[in-house]
Amino acid sequence: MKIDIVTAQPDIISEPLRQSIIRRASDKGVIDIRVHDLRQYATDRHKQVDDYPFGGGAGMVLKPEPIFSCIEKLQKDAEESGASVDEVIYLTPDGVTLNQKMANSLSMKKHLILLAGHYKGVDQRVRDRLITREISIGDYVLSGGELPALVLVDALVRLLPGAIGDAVSALSDSFQDELLDAPAYTRPAIYRDLEVPAVLRSGNHEAVSNWREAERLKKTMERRPDLLDG
Ligand code: ADE
């Protein structure tokens, strides 16, 4: 899978991509992620990527020109290599809220462009012409789309075949079948006065599996009854 991330704040994004699962997936060739600095597409002398909003109001808005040149160049490059970009996603608090189903379906795409907005947002013409999907990572406002873009990348990469060692692991995550995950324990079996449930140490796989299923249901009922609706 190929992911291009377009941002005015490349430093926020670049370092986390060099860590952990995403790093390993890149090293293995499972994913090809590139970060594009909008400032390099600014044409004026000051490399300005944002400006005051028409009509007044607080905050700055990302200008259309650098975003159009960057994204259209990426689309043209893809076409010249005989492929095409599947989705151009804008991370914004007024987008559709990300969930596991959406992550599963996006993880099947071949090429995504993610646009991280900053300041007060992006010029609406970018959204009207270039963006195919708008995604929020939750009902709260962050100072930019960079962290949301990283959240989305992480949620996608761990689903790609070969990205994580244990293929079963991603499939048994919380939400993967609408249930939260069961509690996990490791050694020591007794820590202070806290003991790992005996069933997990019993070696009885069927009993372990039944226990986990029951714990998942219990936790989901307590914390997220909305997931059980229907
Ligand atoms: N940009 C700022 N806040 C955001 C959020 N909650 N989701 C996606 N993008 C954002």
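Numbering of ligands and ligand atoms starts at 1, following listing order. Scope of the values below: all heavy atoms of this structure, side chains included, with no hydrogens, waters or symmetry mates.
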Give the residue and atom name of whichever protein heavy atom lies nearest to [atom], and the separation in Å to one decimal.
| atom | answer |
| --- | --- |
| atom 6 (N) of ligand 1 | Tyr140 O, 2.8 Å |
| atom 7 (N) of ligand 1 | Ile137 N, 3.0 Å |
| atom 2 (C) of ligand 1 | Leu142 O, 3.3 Å |
| atom 4 (C) of ligand 1 | Pro93 CD, 3.6 Å |

Under 3.5 Å, is there a donor-acceptor pair between the Thr132 and Glu87 side chains?
->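 On atom types as modelled, these side chains qualify, holding a pair under 3.5 Å.
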
Any side-chain donor-acceptor pair under 3.5 Å between Glu79 and Gln75?
->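 Gln75 and Glu79 do not have a side-chain donor-acceptor pair below 3.5 Å.
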
Can you find an N or O of Gly138 that's nearer than 3.5 Å to an N or O of ligand 1?
->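 Right, the criterion is met.
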
Thr92-ligand 1 polar pair, N/O distance under 3.5 Å =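 Yes: some nitrogen or oxygen of Thr92 is under 3.5 Å from one in ligand 1.
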
Shared ILVMFWY cluster between Tyr41 and Leu130, side chains joined below 4.5 angstrom?
->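 No; tracing contacts between hydrophobic side chains, which count when under 4.5 Å, never links both residues.
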
Path from Ile12 to Tyr140 over hydrophobic side-chain contacts below 4.5 Å =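 Yes, it is one cluster - the side chains of Ile12 and Tyr140 are joined through contacts under 4.5 Å.
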
Please assess Glu15 against Arg18 for the test salt bridge (charged side-chain N to carboxylate O under 4.0 Å, His left out), listing each intermediate value before the final yes or no.
-> CA-CA 5 Å; Glu15 190 50 40; Arg18 285 195 272 269; 3.1 Å; yes

Atoms of ligand 1 close to Ile135 [distance to a heavy atom under 4.0 angstrom, numbered from 1] |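 Once the distances to Ile135 are compared, the set is 8 (C).
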
Of all the atoms in ligand 1, which lie at a distance below 4.0 Å from a heavy atom belonging to Gly144?
->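 Those of ligand 1 that fall under 4.0 Å from Gly144 are 1 (N), 2 (C).
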
Would one find more than 12 heavy atoms of other residues, nucleotides or ligands at under 6.0 Å from atom CG of Asp94?
->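 It does: Asp94 CG has more than 12 such atoms within range.
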
